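Worth saying up front: this structure is predicted, and the values here are computed from it rather than measured. Note that ligands are numbered from 1 as they come in the structure, with each ligand's atoms numbered from 1 the same way. Side-chain atoms are counted along with the backbone in the values below, which use heavy atoms only and exclude waters and symmetry mates.
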Amino acid sequence: MRPFGYLTPPDRAGAIAAVTGRPGATFLAGGTNLVDLMKLGVADPDLLVDVTGLLPDRIEPTAAGGLRIGAGVRNSDLAADPGVRAGFPVLARAVLTGASGQLRNMATVGGNLLQRTRCLYFQDVTKPCNKRVPGSGCPARAGDHRNLAILGGSPHCVATHPSDMAVALAALDAVVHVEGPAGPRAVPVTGPVGGLYRLPGDRPDRETTLERGDLITAVEIPPLAYAGNSAYRKVRDRTSYAFAVVSVAAALDVADGVVRDARLAIGAVAPVPWRARAAERVLAGRPATAEWFGRAADAELAKASPLPDNAFKLTLVRNVVVQMLGELAGDGS
Ligand SMILES: Cc1cc2nc3c(=O)[nH]c(=O)nc-3n(C[C@H](O)[C@H](O)[C@H](O)COP(=O)(O)OP(=O)(O)OC[C@H]3O[C@@H](n4cnc5c(N)ncnc54)[C@H](O)[C@@H]3O)c2cc1C
Ligand code: SF4
């Protein structure tokens, strides 16, 4: 690890100026991802700008009936918050499935959203990787890609986004509040255009639409009348301390056996938390039956281009979607 400086600026403006003015500087929150990457040699900042004391750390209801979550809120506090557990169970559950108790005590909301992929080649500096060293190649396509993307990838990168929280926030239409050198702005976590995350295309090294010095200060969830009927399911190789092989965040509004509205996002299948809008369109106004839940999954997966060792995710996603929506529709399964 190369030597680095450590700065605790007095305020957010100082933190933003420190990172904006120095290409080797980066924000430090809980450090649970950044410090690991520094130890591996994947990240080599020359200055860590500690923002842990500068970020809002409260969870507050908004006047409209949603929630505003400070970027400094620790993952464990978010998962334990009574308002989140009762009003947005999909979010509480997603956060609880991530990492371990100790890590969730350190990890922050802002840092969770910006954690880096767990692609093995990205984490191994002895291997080529277009995301880490642009233009060096992508060994994952012909190598170990069991856990990598079936949707949204490109010939240049098929990494998956590792965050569970981000999948739930995508389903909930959450918006990220940012302060930066160009002033404050709000960015949707996922949007048809202009969301926080970028697909890799031919620049997998550019993962978000944030610019140097942009600091996430809060996440806002708009009101959703049926958010109480939501859930998160994560399929993983073991039951703790493991990233998702596939995950699904869902919220469902059913009346008289017909879907009035649905929210669906899928994790660990794409370089970004994948909002399943094609599936949502199929579901709206249709019978709340396993047949239609399966058709919705099929509509989303029609765009998939799996690699030889991760095609099993197609079946897995379909099965999880059908089972979860069935449960949310009250089929008692
Ligand atoms: C063993 C292990 C298992 C894990 N399992 C899971 C899992 O199953 N699911 C899951 O979702 N996660 C998992 N994680 C990841 C963990 O959730 C993240 O490491 C954590 O959420 C990152 O938050 P942090 O505050 O520690 O971020 P940091 O490590 O401090 O920062 C991460 C990145 O975000 C940037 N950053 C931080 N805060 C801000 C901000 N406010 N504005 C702008 N940039 C910022 C930093 O510069 C850095 O680039 C696991 C981690 C480990 C070590
Ligand atoms: S999938 Fe992306 S992160 Fe993984 S080796 Fe290829 S370019 Fe690197």
Could you tell me whether Arg58 atom CZ has more than 12 heavy atoms of other residues or ligands within 6.0 Å of it? no
Is ligand 2 less than 4.0 angstrom away from at least one heavy atom of Lys127? no
Assess Val95 for proximity to ligand 1: is some non-hydrogen atom of it under 4.0 Å away? no
Within the distance-only criterion (no hydrogens, no angle test), does the side chain of Lys131 pair as donor or acceptor with the backbone N or O of Pro204 below 3.5 angstrom? yes
protein heavy-atom neighbour closest to atom 22 (C) of ligand 1 works out as Thr32 OG1, 3.3 Å
Modelled atom types, side-chain donor and acceptor of Thr190 and Tyr197, under 3.5 Å: no
Is the shortest distance from a heavy atom of Val51 to ligand 1 less than 4.0 Å? no
Nearest protein heavy atom with distance in Å, relative to atom 30 (O) of ligand 1: Gly31 N, 2.7 Å
Which atoms of ligand 1 are found less than 4.0 Å from any heavy atom of Lys234? 7 (C), 8 (O), 9 (N)
Nearest non-hydrogen partners of Phe27 and Asp214, listed with the distance: CE1-O, 3.3 Å
Consider ligand 1: state whether an atom of it lies below 4.0 angstrom from any non-hydrogen atom of Arg118. yes
Counting only nitrogen or oxygen atoms and a 3.5 angstrom limit, does Gln115 reach ligand 1? yes
How close does the nearest protein non-hydrogen atom get to atom 41 (N) of ligand 1, and which residue and atom is it? Ile216 O, 2.9 Å
Does CG belonging to Asp256 count more than 12 external heavy atoms closer than 6.0 Å? no
Have a look at ligand 2 and work out which part of His156, if any, has a heavy atom under 4.0 Å from it: side chain, backbone, both or neither. backbone
Do any N/O/S atoms of Cys157 come under 2.8 Å of atom 2 (Fe) of ligand 2? yes
May I ask you to check if any N/O/S atom from Cys119 comes under 2.8 Å of atom 8 (Fe) of ligand 2? no
Could you establish whether Ala242 and ligand 1 come within less than 4.0 Å of each other, counting only heavy atoms on the residue side? yes
I'd like to check which ligand 1 atoms, numbered from 1 as shown, lie under 4.0 Å from a non-hydrogen atom of Asn75. 21 (O)
